[in-house]
Protein chains: 2
Amino acid sequence: MVSISGILVDRIEANLKDEGLPPLSWYDVLLEVERAGPGGIRPFEIKERLLLPQYGTSRLLKRLADAGYVTTADCVADGRGQIVTITPAGRDIRAQMWPVYANALRTDVQEKLTGEEAEQLAALLGKLRPT
Amino acid sequence: MVSISGILVDRIEANLKDEGLPPLSWYDVLLEVERAGPGGIRPFEIKERLLLPQYGTSRLLKRLADAGYVTTADCVADGRGQIVTITPAGRDIRAQMWPVYANALRTDVQEKLTGEEAEQLAALLGKLRPT
DNA sequence: CCAATATAGATGCAAATGCATGTAAAATTT
DNA sequence: AAATTTTACATGCATTTGCATCTATATTGG
């Protein structure tokens, strides 16, 4: 990543790697799956919410499943689809990632921005997020 | 790219691709090389300014050279190093990329932010940029 | 009901990236 | 000035990404 605001993401990635934790994209997916609760979530929903390409979603989920962080089951309501649910290990690793995520933002960002500026930034970036 | 502000970058990338133009990273490097003027620039300087990994810089420059957008020559003052300069074709392609870049920002960003907000965002992101 | 089309997901192949390491030429140390 | 360390850049290998395409099920139109 180069240019503009990739800096934030790069910092978080670097910190996660230093801690021996998975990349940020895993966090995003795990969060969606965890939020979905026991009913699980369909891969295409993850794709839509995270704006990931279809093949990216497919492979990310494969890696998460291989790592034991999610499980996938055939969807009874739709023979084409799957239902993804989080495992205890998945919950656990996401919990470990969260403070690194937050700290990377707090440490690196607050070094250069005031609290008010950080809030403004968050708000502005939030507005950019496609609906 | 997922998360936070990668959205901006993704949009620009998508627009560049639609126009059949090279990726954003090429723009960044070309801009540095062009700015350096006839004296050229050393790869390690590009690496430092763009926060690219060393191997990434090396390969990016190779692709740019293969595409005919830059030329590399041995550095007389330092036997280890090189001097990179832009070619007319390089200047040209960067000029083609610029409006796409700018428009992607203007179109996608200004749809959701007021002019004032856009300026704030640029200022905040600028502050994050490591020196 | 059948044909055509759309949707969910997987995957082969090529290109890009990350990591570790290699080579060669400074710069520094003693 | 010889030995050591640092700096500049390249590259082999594994992982990841992008693109195109494939399979299978669902939906829609006649």
Side-chain angles (χ1 to χ4, degrees), chain A residues 1-3 6 9-18 20-29 32-33 36 40-67 70-84, chain B residues 1-3 6 9-18 20-29 32-33 36 40-67 70-84:
Chain A
M1 263 297 326
V2 172
S3 273
V9 176
D10 286 351
R11 299 274 179 92
I12 297 170
E13 290 279 16
N15 286 355
L16 285 169
K17 184 161 297 179
D18 287 350
L21 292 168
L24 188 49
S25 55
W26 289 35
Y27 181 88
D28 291 317
V29 174
E32 290 302 326
V33 179
I41 187 172
R42 298 284 298 275
F44 79 90
E45 295 180 290
I46 298 175
K47 175 199 85 180
E48 285 169 2
R49 295 188 195 172
L50 298 180
L51 300 177
L52 290 173
Q54 182 269 319
Y55 57 81
T57 311
S58 177
R59 284 165 171 158
L60 211 45
L61 285 171
K62 174 96 168 52
R63 282 173 221 143
L64 285 168
D66 288 347
V70 302
T71 53
T72 58
D74 289 348
C75 178
V76 287
D78 186 337
R80 298 165 298 181
Q82 305 174 341
I83 295 282
V84 184
Chain B
M1 262 298 326
V2 172
S3 270
V9 176
D10 286 352
R11 300 274 180 93
I12 297 170
E13 290 280 13
N15 286 353
L16 284 169
K17 185 162 295 181
D18 287 350
L21 292 168
L24 189 50
S25 56
W26 290 35
Y27 181 88
D28 290 319
V29 174
E32 290 302 326
V33 179
I41 187 172
R42 299 283 299 274
F44 79 91
E45 295 179 289
I46 297 175
K47 175 200 85 183
E48 286 169 2
R49 296 190 195 170
L50 299 181
L51 300 176
L52 290 173
Q54 183 269 319
Y55 57 81
T57 311
S58 178
R59 283 165 172 159
L60 209 47
L61 285 171
K62 174 96 169 50
R63 282 173 224 142
L64 286 168
D66 288 347
V70 302
T71 52
T72 58
D74 290 347
C75 177
V76 286
D78 185 337
R80 299 165 298 182
Q82 305 174 340
I83 295 283
V84 183

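Numbered from 1 within each chain, the chains take letters A, B, ... in sequence-line order.
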Legend entry - Residue whose nearest DNA chain C nucleotide is more 5′ - G81(A) or G56(B): G81(A)
Legend entry - Nearest-nucleotide 5' precedence on DNA chain C, T57(A) against R80(A): R80(A)
Legend entry - Heavy-atom closest contact (I41(A) atom, E32(A) atom, distance): CD1-O, 4.2 Å
Legend entry - Minimal non-hydrogen separation, P43(B) against L61(B), with atom names: CB-CD1, 3.7 Å
Length of the [atom1]-[atom2] vector between [X] and [N], whole Å:
X: W26(A); N: dT17(D); atom1: CH2; atom2: P; answer: 11 Å
X: E13(A); N: dT17(C); atom1: CD; atom2: P; answer: 14 Å
X: K62(B); N: dT11(D); atom1: NZ; atom2: P; answer: 8 Å
X: D74(B); N: dA10(D); atom1: CG; atom2: C1'; answer: 13 Å
X: L64(B); N: dA15(C); atom1: CG; atom2: C1'; answer: 15 Å
X: Y55(A); N: dG12(C); atom1: OH; atom2: P; answer: 16 Å
X: R49(A); N: dA8(C); atom1: CZ; atom2: C1'; answer: 16 Å
X: L16(B); N: dG18(D); atom1: CG; atom2: C1'; answer: 16 Å

Legend entry - Sole residue of L60(A), V70(A), V84(A) in side-chain contact (heavy atoms from CB on, under 4.5 Å) with V29(A): L60(A)
Legend entry - Working for salt bridge (Lys or Arg N to Asp or Glu O under 4.0 Å), residues E45(A) and R49(A): CA-CA 6 Å; E45(A) 295 180 290; R49(A) 295 188 195 172; 3.8 Å; yes
Inset, instruction - Looking at every strand, decide which applies to R59(A) at a 4.0 Å heavy-atom threshold: base, sugar-phosphate, or nothing. - result: base
Legend entry - Closest to the K47(A) side chain, choosing from dA10(C), dA8(C), dA8(D): dA8(C)
[N] phosphate, OP1 or OP2, under 4.0 Å from [X] side-chain N/O:
X: R42(A); N: dA8(C); value: no
X: K17(A); N: dC19(C); value: yes
X: S58(A); N: dG9(C); value: no

Legend entry - Side chain Q54(A) and base dA8(C) donor-acceptor under 3.5 Å: no
Inset, instruction - Compare all side-chain heavy atoms of D78(A) with those of R42(A) and state whether any distance is below 4.5 angstrom. - result: yes
